[in-house]
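Worksheet: one structure, shown below.
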Amino acid sequence: MSINLEATVKELTDFFKTEASTETVVGQSFQLGEFTCVPVIKFGLGLGYGGGEGKGGQQGKGSGEGIGGGAGGGVGVEPIGFLVTHKEQISFIPTRNNKGLSAVFEKVPELLEKYLNKKKAEKAEATV
């Protein structure tokens, strides 16, 4: 069995170049109310290969000759979040948040400001 390792690796590399294109890593956008959402993934690739040869007999080891080879690879794809646009703003929303409770406390000032602005706008409408 004869394998052209260089040609095989080139074919694999070309295949992964097309599979890891922007269209694959950043998915199709979709609308969610007033928001435009674009999914984003992490794409990982690993390849490995090796080979061997042999010649001549060694005492106590048989008559000689030999050949060997092997190859392996792996691909990992993981959703990591969404790019979200609303009017002139763009944000990245991760699918995983390792911060736990601290992430909630980071949002409190922003939520409080939105609440107070809403109350202020309601009060202004009531006086008109």
Side-chain angles (χ1 to χ4, degrees):
M1 176 170 90
S2 177
I3 298 175
N4 184 339
L5 196 53
E6 287 183 30
T8 303
V9 169
K10 180 169 178 7
E11 284 181 37
L12 282 171
T13 304
D14 290 344
F15 170 75
F16 287 123
K17 279 182 185 176
T18 59
E19 290 304 307
S21 67
T22 301
E23 292 78 22
T24 304
V25 175
V26 178
Q28 296 295 320
S29 64
F30 61 92
Q31 289 296 123
L32 189 61
E34 296 180 11
F35 299 91
T36 301
C37 304
V38 181
V40 179
I41 64 170
K42 180 170 62 172
F43 185 90
L45 166 67
L47 294 173
Y49 62 92
E53 287 185 26
K55 290 283 182 195
Q58 293 181 2
Q59 201 170 19
K61 304 258 182 179
S63 63
E65 293 298 317
I67 191 165
V75 176
V77 178
E78 176 185 358
I80 60 170
F82 295 90
L83 287 174
V84 179
T85 59
H86 182 252
K87 297 181 183 176
E88 298 296 316
Q89 294 182 336
I90 186 167
S91 302
F92 179 76
I93 300 173
T95 54
R96 291 187 185 188
N97 191 347
N98 295 331
K99 294 182 181 180
L101 193 55
S102 65
V104 174
F105 289 112
E106 287 178 12
K107 288 287 187 182
V108 168
E110 183 181 328
L111 294 173
L112 185 58
E113 183 180 1
K114 285 181 181 181
Y115 175 77
L116 293 174
N117 285 341
K118 184 177 177 183
K119 286 295 183 185
K120 191 177 188 180
E122 288 174 358
K123 187 176 182 181
E125 283 182 17
T127 59
V128 174

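Every residue two or more places apart in sequence or in another chain that forms a side chain to side chain donor-acceptor pair (under 3.5 Å) with E34 is listed here: H86. The ring-ring contact (aromatic ring centres under 6.0 Å, His included) check on F30 picks up nothing, with sequence neighbours excluded.
Residue I90 is tested with T85, V84, V38 for a side-chain contact (heavy atoms from CB on, under 4.5 Å); the sole match is T85.
For T95 against P79, the heavy-atom pair with the smallest separation is OG1-O, 3.2 Å. The shortest heavy-atom contact between F92 and L83 is CD1-CD2, 3.9 Å.
In this structure, E122 and K119 have side chains that are in contact, with non-hydrogen atoms separated by less than 4.5 Å. The side-chain heavy atoms of T36 and Q31, taken from C-beta on, include a pair separated by under 4.5 Å.
Hydrophobic clustering of Ile, Leu, Val, Met, Phe, Trp and Tyr side chains at less than 4.5 Å, counting indirect connections, unites F35 with F82.
No more than 12 heavy-atom neighbours from other residues, nucleotides or ligands sit within 6.0 angstrom of CD on Q89.
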